[in-house]
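Let me begin by presenting the structure, written as structure tokens, before commenting on it.
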Amino acid sequence: MRVLNQDELQAAEGVLLKHLPKSVQWTSTLTIGAFDACQLHIVEEVSSAKAVSSRRCVLGHVLYLPDSSHLIPAAVDRELESRISPLKLSHVDLVNQISKFRGSKRGFRYLQHLISNFPTYGLTDARGQLLSWILLHDFFGFGFLYTLPEHRRRGYGKAVVSAMAKRLAAEGHSVYTFIDEGNVASYRLFKSLGFIEDPSYRVAWFDFNF
């Protein structure tokens with residue numbers, strides 16, 4: 001992952017302003033994500049021109065590993081490592097219950113799509129019960145990190161994130177995540193694994209026709 005400089009950001013804004021008005025079905029309720037928060041004025045300009053309501057629903061940090069040498073791997077023994085494996089489609093119900101998509105058929109299908117087509121990791125107990133997991137969004141950013149409350153503070157979240165970061169780095173992919181500003185626990189977890197942040201950059205999601 002590479003953070004754009006000012007000239008590159010201005011060029012990106014020009015592309016966004018040119019294509020956003022005609023690339024979206026503006027009569028629908030929708031959410032558009034991963035904007036640079038400094039592009040808020042463009043979103044407001046376009047939504048005003050289209051006479052639709054808009055609001056910023058999430059503001060977050062962008063954390064990333066510049067390269068594999070920055071990763072500080074979690075301390076995982078062989079027994080714990082043996083319980084980390086890709087998620088199965090049978091896990092969709094549990095992941096969906098916890099996620100922000102709960103109750104949404106569209107969200108359920110999205111999770112099915114991610115588990116079927118993108119790298120995932122989960123940590124199970126001796127009986128195969130899922131305790132902690134991490135998925136990738138379809139843009140390859142980390143997402144849906146969760147550990148069941150009764151199993152927290154045991155390093156399980158660090159273990160699955162570390163496993164995913166190692167895999168993506170080894171395969172030559174960018175290793176990054178978006179974290180909501182209020183999610184202090186996840187922010188600290190990723191920072192403890194060597195992820196860094198450009199403090200001048202914030203990522204935002206916007207709702208339209210809400």
Side-chain angles (χ1 to χ4, degrees), residues 1-4 8-9 12 15-16 20 30-40 43 56-74 84 86-87 91-92 95-96 98-102 104 106-123 132-147 156-207:
M1 179 177 177
R2 187 171 64 84
V3 178
L4 302 182
E8 291 169 327
L9 283 173
V15 172
L16 182 63
L20 183 60
L30 72 154
T31 299
I32 300 179
F35 279 102
D36 184 336
C38 71
Q39 296 167 344
L40 174 61
V43 176
R56 188 184 70 196
C57 55
V58 177
L59 185 66
H61 305 273
V62 180
L63 277 72
Y64 64 99
L65 289 177
D67 56 63
S68 59
S69 68
H70 281 74
L71 178 64
I72 304 171
I84 299 174
L87 297 184
H91 294 135
V92 174
V95 176
N96 186 52
I98 303 300
S99 81
K100 61 185 178 183
F101 296 132
R102 55 186 176 275
S104 163
R106 182 178 179 183
F108 185 87
R109 291 194 297 269
Y110 180 60
L111 292 171
Q112 283 183 315
H113 169 66
L114 297 183
I115 292 174
S116 298
N117 297 288
F118 295 87
T120 62
Y121 279 117
L123 188 149
S132 183
W133 57 86
I134 185 75
L135 283 69
L136 293 184
H137 286 283
D138 50 11
F139 48 80
F140 250 66
F142 286 43
F144 303 99
L145 172 63
Y146 193 82
T147 300
Y156 293 168
K158 272 191 175 183
V160 294
V161 170
S162 183
M164 182 69 80
K166 287 179 183 177
R167 173 176 175 176
L168 295 186
E171 294 177 354
H173 298 293
S174 295
V175 183
Y176 69 100
T177 185
F178 301 140
I179 299 177
D180 295 358
E181 284 208 320
N183 193 343
V184 177
S186 285
Y187 181 86
R188 289 175 175 170
L189 185 154
F190 278 89
K191 291 284 284 186
S192 73
L193 292 171
F195 282 68
I196 65 173
E197 176 188 19
D198 178 351
S200 68
Y201 186 84
R202 289 291 182 271
V203 65
W205 277 254
F206 295 91
D207 290 333

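The shown structure was predicted, so the numbers you read here are calculated from the model rather than taken from an experiment.
Between His137 and Phe144, some side-chain heavy-atom pair lies under the 4.5 Å cut-off. Using a 4.5 Å heavy-atom threshold, the side chains of Val175 and Phe195 count as touching. Residues Leu65 and Tyr176 have side chains not in contact (no heavy-atom distance under 4.5 Å, counting atoms from C-beta outward). Within the 4.5 Å cutoff, the side chain of Val160 has heavy atoms near those of the Leu145 side chain. Using a 4.5 Å heavy-atom threshold, the side chains of Val62 and Asp198 count as separate. Using a 4.5 Å heavy-atom cutoff, the side chains of Leu123 and Thr147 are not in contact.
Here Phe108 pairs with nothing under the ring-ring contact (aromatic ring centres under 6.0 Å, His included) rule; sequence neighbours left out. Applying the side chain to side chain contact (heavy atoms under 4.5 Å, CB included) criterion to Ala74, with sequence neighbours excluded, gives Val76, Lys158, Ser162, Leu193.
Ile84 and Ala163 make their closest contact through CG2-CB, 4.3 Å (heavy atoms, listed as atom of the first residue, atom of the second, distance). Scanning both residues, Ser174 and Leu168, for their nearest heavy atoms gives O-CD1, 4.3 Å. Pairing each heavy atom of Pro66 with each of Ile196, the nearest pair is CG-CD1, 3.3 Å. Annotation for Ala169 and Ser68: closest pair CB-CB, 3.9 Å, computed over non-hydrogen atoms. For the residue pair Leu87 and Gly122, the shortest heavy atom distance occurs at CD2-CA, 3.7 Å. The two residues Ile134 and Gly143 come nearest to each other via the heavy atoms CD1-O, 3.5 Å.
Ring geometry, Phe190 versus Phe142: the interplanar angle exceeds 60°, so the pair is classed perpendicular (tilted spans 30 to 60°).
Atoms CD1 and CG, on Ile98 and Leu111 in that order, are 11.5 Å from each other to the nearest 0.5 Å. Taken to the nearest 0.5 Å, the OG atom of Ser99 stands 11.0 Å off from the OH atom of Tyr146.
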Asn117 and Asp138: CA distance, side-chain angles, deciding distance, side-chain contact (heavy atoms from CB on, under 4.5 Å) verdict: CA-CA 9 Å; Asn117 297 288; Asp138 50 11; over 6 Å; no

Tyr187 vs Leu63, test: side-chain contact (heavy atoms from CB on, under 4.5 Å). Steps then yes/no. CA-CA 8 Å; Tyr187 181 86; Leu63 277 72; 3.8 Å; yes

Leu136 vs Leu114, side-chain contact (heavy atoms from CB on, under 4.5 Å): CA-CA, chis, key distance, verdict: CA-CA 7 Å; Leu136 293 184; Leu114 297 183; over 6 Å; no

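The salt bridge (charged side-chain N to carboxylate O under 4.0 Å, His left out) analysis of residues 168-188, with sequence neighbours excluded, yields the pairs Arg167-Glu171, Glu181-Arg202.
A donor-acceptor contact shorter than 3.5 Å is absent between the side chain of Thr177 and the backbone of Gly141.
Phe178 and Phe139 have their aromatic ring centers within a separation under 6.0 angstrom. A ring-centre distance under 6.0 Å is found for Phe118 and His113.
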